[in-house]
Amino acid sequence: VWHEALDVSEFKLQSLKGSPKNINGDFLCLANFLTSLKFGPEKVDGEFNCGHNKLLSLRFSPQKINGIFSCRENPDLKSLKGMPKEGITHMNVSDCDLSSLEGAPFEIDGNFDCQRNKNLKSLKGSPQEGVKSLYLQWCSLTSFEGAPKEISGSVYAVQNPMTTLK
């Protein structure tokens with residue numbers, strides 16, 4: 001068990017081999033050359049941020065986190081399958097190549113940011129409970145179908161080819 005946060009950002013890592021399996025704090029592996037999360041931590045009691053990499057999949061993501069989950073700016077990431085399902089306070093999957101939100105957790109406790117996914121045409125599969133604010137700018141959404149039924153904060157959806165507000 002790693003008892004503090006572990007920040008291995010900008011290390012030019014190509015693998016997470018050697019990572020502790022349990023971290024009682026944040027795990028940040030931003031801006032490396034990772035294509036996979038294999039060998040990464042299984043439990044993170046804090047933020048898990050693997051943004052600004054070259055991930056092809058979220059397979060091997062920690063299945064238990066307690067905080068922010070961010071995989072933003074992974075331009076080759078096409079799916080959310082494999083991401084954690086519980087403990088997410090804010091979720092950021094912006095600036096990827098997602099065409100679907102299938103694989104996202106049913107419930108989060110915070111903001112959901114999926115802006116600038118140019119191939120995203122539907123909100124089917126998006127978190128349905130606990131969403132505070134929803135960031136949908138610059139996608140290809142034509143409606144709000146599949147969006148959470150209740151949002152306690154704001155919805156930002158500029159620059160989408162919306163044909164209906166349903």
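Atoms considered below: every heavy atom in the structure, side chains included; atoms not considered: hydrogens, waters and symmetry mates.
Leu120 places a side-chain heavy atom less than 4.5 Å from the side chain of Cys114. Residues Pro148 and Ser126 form a side-chain contact, since some pair of their non-hydrogen atoms from C-beta on lies under 4.5 Å apart. For the pair Asp97 and Pro75, the minimum side-chain heavy-atom distance is 4.5 Å or more. Between Val8 and Leu13, some side-chain heavy-atom pair lies under the 4.5 Å cut-off.
Listed by chain and number, the residues in a ring-ring contact (aromatic ring centres under 6.0 Å, His included) with Phe144 amount to none (sequence neighbours excluded). Legend: residues meeting side chain to side chain donor-acceptor pair (under 3.5 Å) with Asp7, ordered by chain and number and at least two apart, are Ser9. For Lys166, the side-chain contact (heavy atoms from CB on, under 4.5 Å) criterion is met by Thr164, not counting sequence neighbours. Under the rule for a ring-ring contact (aromatic ring centres under 6.0 Å, His included), the partners of Tyr156 that lie at least two apart in sequence or sit in another chain are Tyr135. Listed by chain and number, the residues in a salt bridge (Lys or Arg N to Asp or Glu O under 4.0 Å) with Asp76 amount to none (sequence neighbours excluded). In terms of the side chain to side chain donor-acceptor pair (under 3.5 Å) criterion, Ser61 has no residue partners (sequence neighbours excluded). When the side chain to side chain donor-acceptor pair (under 3.5 Å) test is applied to Ser94, the partners found at least two apart in sequence or on another chain are Asn92.
Residue pairs meeting the salt bridge (Lys or Arg N to Asp or Glu O under 4.0 Å) criterion with at least one partner in residues 22-50, sequence neighbours excluded, are absent. Applying the salt bridge (Lys or Arg N to Asp or Glu O under 4.0 Å) test to every pair with at least one member in residues 109-133, sequence neighbours left out, gives these pairs: Asp95-Arg116, Asp109-Lys132. Listed by first then second residue, pairs satisfying ring pair (Phe, Tyr, Trp, His ring centres under 6.0 Å) with a partner in residues 47-67 read Phe27-Phe48, Phe48-Phe69, not counting sequence neighbours.
A distance-only check finds a donor-acceptor pair linking the side chain of Asn74 to the backbone of Leu55 [under 3.5 Å]. For the pair Glu86 (side chain) and Pro105 (backbone), a donor-acceptor distance under 3.5 Å is absent. Formation of a donor-acceptor pair under 3.5 Å by the Ser57 side chain with backbone atoms of Leu77 is not found in this model. Distance alone, capped at 3.5 Å, is enough to place a donor-acceptor pair between the Asn49 side chain and the Gly51 backbone. Between the side chain of Lys85 and the backbone N or O of Gly103 there is at least one donor-acceptor pair closer than 3.5 Å. Between the side chain of Thr142 and the main chain of Pro161, no donor-acceptor pair closer than 3.5 Å is present. The backbone N or O of Phe11 sits less than 3.5 Å from a side-chain atom of Asn32, completing a donor-acceptor pair.
Residue Gln14 places its CD atom among 12 or fewer non-hydrogen atoms of other residues, nucleotides or ligands, all under 6.0 Å distant. The neighbour count for Gln63 CD, taken as heavy atoms of other residues, nucleotides or ligands under 6.0 Å away, is above 12.
Side-chain contacts under 4.5 Å among hydrophobic residues (ILVMFWY), followed directly or transitively, place Trp138 together with Val158. Side-chain heavy-atom separations under 4.5 angstrom define the hydrophobic clusters, and Phe106 shares its cluster with no other residue.
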Item checked: Ser79/Leu58 under side chain to side chain contact (heavy atoms under 4.5 Å, CB included): CA gap, chis, key distance, verdict -> CA-CA 8 Å; Ser79 171; Leu58 294 177; over 6 Å; no
